[in-house]
Amino acid sequence: MTLALILLSVLILGSAIVALSLRNLIHSALLLVACWAGIAAFYLWAGAEFVAFAQGLVYVGAISMVVLFAVLLTRQGTASEPLGFASWQRFILALVAGGGVAGILVGAVLGTPLTVTTPGPVPVLTVKQIGAQLMGPHVVALLVVGILLTVSLLGAVVLAAEENVKSPEDEV
Amino acid sequence: MSAYAMAVAGSEPFLERAPLLLRDAFVQLLPAPTQWLVHHLITIVAILAVFGLFFAFTTIAERKLLGRLQNRRGPNRTGVPQFSILPWRFKHTLFGLSQPFADAVKALTKEDIVPAAADKLLHFLAPVLVVAFSLLTFAVLPFGRNLIPVELDSALLYFFAAGSATELTIFMAGWASRNKYSLLAAMRALAQVISYELPLMLSVVPVVLVAGSLSTREIALAQGGWTFGIIPHWNVFTPWGFAGFLLFLVAALAESNRSPFDLPEAESELVAGHLTEYSGFKYALFFMAEYFGLTALSGLGITIFLGGWQAPVPFLGFVPSYAWFMLKLVGMIGFFIWVRGTLLRLRIDQLTRLAWQFIVPLALINLLNAAFWSLTRDWTGALQLVRWVISAAIVVGPFVLLGRKLNAGRAPRTYRYATS
Amino acid sequence: MLGSGILKGLAVTAKNFAGSFYDPERMATVQYPEERAPLGEHYRSFPLLVCENAADPLGTLRCVACTICEKECPPQCIYIEKSKDKKPDATGKPQLYPVIFTIDTAVCMGCGICAELCPFDSIKMDKVFEVTATNRFTGLLLERDQLAKSNAYYHSIRPAEAAEVDARLAAERLAAEEKAKAAALAKAAAAAAKAAAAPPTTPPSAA
């Protein structure tokens with residue numbers, strides 16, 4: 001089990017690191033997909049079957065498509081050139097921003113009381129129970145997320161929709 | 001494993017248990033530590049063998065059927081070679097049934113060409129991954145009463161998670177080929193999968209709603225039984241199920257890149273699209289994956305709408321369940337081939353419009369319909385009739401209205417430069 | 001209603017499917033080696049050389065090695081070498097004949113220009129399309145004796161055209177004969193006239 005975890009973390013972290021360091025955007029995107037797939041496998045390893053498949057479905061299946069589509073539709077002129085060192089000011093700002101986020105994360109991790117207990121019997125959660133939980137106590141969160149996604153979708157449609165000039169060949 | 005225990009208990013006919021007994025007999029021969037591994041390996045090998053052969057004969061069936069649909073005969077020459085050991089001579093043609101094997105030999109012996117500018121690694125990975133992903137989906141299909149490779153609680157979710165990854169490999173193939181046509185195909189594949197992933201899942205959700213489970217085994221079991229001893233309780237024989245099945249068929253066609261939604265391949269415009277730069281065995285792998293995907297989606301359609309492995313009439317119950325499944329599978333594939341032989345390819349804008357303006361709204365309405373159906377589960381007698389009428393109205397009304405609205409000004413098609 | 005067109009289309013193909021099993025008329029294809037679709041009247045494949053007598057094909061070729069076809073052939077697949085001597089042709093006139101006449105069918109595009117241009121009705125288009133060879137250079141290079149086909153064969157593949165050609169040739173032959181006869185008559189007449197005129201020319205000394 002531990003060996004599997006090590007392999008999975010190597011896959012996840014390795015693909016993430018390589019994705020960051022590559023200059024080829026498509027390769028990076030595909031490695032990102034590999035990373036997501038690794039995370040799905042990790043959930044599976046952890047026994048969270050539903051979350052694992054949801055991760056696979058949403059990230060590997062859908063979001064990867066959106067990412068690739070965005071990469072393909074983006075003009076790749078000078079943007080794919082390696083960025084040079086711009087200025088000290090920018091470097092310091094980046095360091096501050098990145099350091100701040102890292103500090104918050106590390107603080108949160110260290111601040112969380114991590115009680116290591118001997119693993120008791122793993123609760124067997126069926127999808128039905130998860131569904132009942134989502135629709136019962138957590139229905140507000142679900143609805144808010146749904147509304148948020150719908151609003152963003154509508155916003156995207158509004159942004160993308162424009163009066164297009166119709167040519168006769170466009171009929172049917 | 002409950003089904004397995006039941007089967008061993010011997011409460012079922014011998015034919016129903018035969019595959020499991022065969023597997024167990026073989027597993028018993030091996031030392032105990034390797035048994036669990038061999039147990040699963042046998043399942044994998046069985047799926048590969050059965051569906052590999054099924055794929056081979058689907059190709060010949062497709063070619064013969066397409067021929068018949070176009071008033072041709074299709075391939076009927078390839079037979080057993082001249083050194084046949086058969087004592088009698090029926091011209092050794094066997095109706096061309098050995099065509100797939102001839103095709104396989106041809107594909108294997110062809111030169112494997114990789115374009116000089118291609119992304120070598122991705123170009124190689126794409127055909128490998130596409131077969132791998134399309135095979136993954138077979139894991140959760142219940143092929144028979146006791147024949148389900150992996151029993152998962154959220155099997156449907158797994159199915160779609162594994163199935164949606166195949167489009168990614170099509171993108172990889174198209175992009176790695178460094179060919180304009182291939183890249184166009186990759187773009188089309190992405191646009192198509194973004195458009196049709198949603199209706200495919202929305203057409204399946206009503207079944208989940210009514211059956212109350214994501215497990216394919218449960219859904220297949222829930223469709224057992226007959227009304228008046230003749231009409232099976234399959235989902236397709238309910239108004240919402242029928243509508244869902246039709247929506248599923250359209251979305252499945254689009255998802256498996258079959259005609260009339262074969263835009264990523266589009267032999268006549270994109271010179272086979274993402275397959276342009278592939279030859280020999282890799283090309284064959286893509287085809288294999290395509291048929292595996294189609295078979296898996298057909299299997300899913302059978303499981304959730306056509307009663308899975310259930311027999312259509314009670315007195316035919318003695319036929320083993322896996323035979324019913326395969327029979328339905330053959331029927332589904334036949335229908336897909338029939339559609340391919342009939343319909344023309346859509347344009348990309350027509351494809352996306354059909355998805356977003358027609359299929360998605362109807363699928364959402366169908367979801368409401370299924371909710372109504374499951375809420376009125378207790379209605380009996382005359383109320384049952386009312387339930388059917390309301391449910392049918394929810395299906396037909398939006399279909400007619402939406403169809404008329406979308407068709408307005410578009411059909412019948414007028415031709416400016418040609419006489420019809 | 002939406003979708004009715006799809007149902008109609010499915011019905012059409014279903015009809016095709018069922019019909020293809022019992023109605024041979026529907027079939028768009030034939031089972032080729034056993035059955036053959038009839039070739040059209042003007043179907044053409046590669047050129048052939050017509051000869052009058054099947055027993056002596058090379059002796060009775062209509063070809064007079066005029067090399068018009070060689071010059072006009074667009075892909076230049078014809079090669080002709082003229083003879084040094086002359087032989088009487090179909091009309092009995094002494095003519096040259098080809099000692100070498102080859103057509104490279106690997107190059108020939110079957111345009112039929114040679115057959116159209118031939119003033120002696122010698123080169124015609126064949127209807128043989130099943131041409132195979134084990135060597136693409138010499139195997140597909142047809143020699144004089146392979147190209148020579150009898151007039152009877154020409155009749156069998158293009159009856160109407162061959163009959164017309166025969167009639168024309170017969171007329172030509174007749175015309176030639178008549179001309180020859182007329183020439184002979186004229187000659188005879190001239191001779192007779194000469195003879196008639198001759199006596200007075202005899203030297204009077206003889207009398």
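Quick caveat: nothing in here was measured; it's all calculated off a predicted structure. Residue numbers start from 1 in every chain, and the chains themselves are labelled A, B, ... in the order their sequence lines are given, proteins ahead of strands.
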Identify every side-chain donor-acceptor pair in residues 196-207 of chain B under 3.5 Å, counting partners at least two apart or on other chains, and give the distances.
from     : atom 1 : to       : atom 2 : distance (Å)
B:Tyr196 : OH     : B:Leu351 : O      : 3.0
B:Ser203 : OG     : B:Pro199 : O      : 3.2
B:Ser203 : OG     : B:Leu200 : O      : 2.7

* To do: May I have the step-by-step check of side-chain contact (heavy atoms from CB on, under 4.5 Å) for B:Leu156 and A:Phe53, ending in yes or no?
  => CA-CA 9 Å; B:Leu156 275 180; A:Phe53 297 145; over 6 Å; no
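Looking at residues two or more places apart in sequence or on another chain, you find no side chain to side chain donor-acceptor pair (under 3.5 Å) involving B:Glu255. Remark: A:His27 engages B:Asp119 in a side chain to side chain donor-acceptor pair (under 3.5 Å) (not counting sequence neighbours).
B:Tyr158 touches chain A through backbone and side chain together, each having a heavy atom under 4.5 Å away. Proximity to chain A (any heavy atom under 4.5 Å) is restricted, for B:Leu183, to the side chain, taken from C-beta onward.
Between A:Phe50 and B:Asp153, the closest side-chain pair of non-hydrogen atoms is not below 4.5 Å. Residues B:Trp175 and A:Leu68 have side chains not in contact (no heavy-atom distance under 4.5 Å, counting atoms from C-beta outward).
The number of heavy-atom neighbours closer than 6.0 Å to CZ of B:Phe160, taken from other residues, nucleotides and ligands shown, is above 12. Surrounding NZ of B:Lys120 are more than 12 heavy atoms belonging to other residues, nucleotides or ligands, all under 6.0 Å away. Other residues, nucleotides and ligands contribute only 12 or fewer heavy atoms inside 6.0 Å of the OH atom of A:Tyr59. Within a 6.0 Å sphere centred on CZ of B:Phe372, heavy atoms belonging to other residues, nucleotides or ligands number more than 12.
Closest of all the heavy-atom pairs between B:Ala161 and A:Gly56 is CB-C, 3.9 Å. Closest of all the heavy-atom pairs between B:Leu168 and A:Met65 is N-CE, 3.5 Å. Contact detail for B:Leu157 and A:Leu57: the closest heavy-atom pair is CD1-CD2, 3.7 Å.
At a heavy-atom cut-off of under 4.5 Å, chain B is reached by A:Leu30, A:Val33 from residues 29-40 of chain A, listed in order of number.
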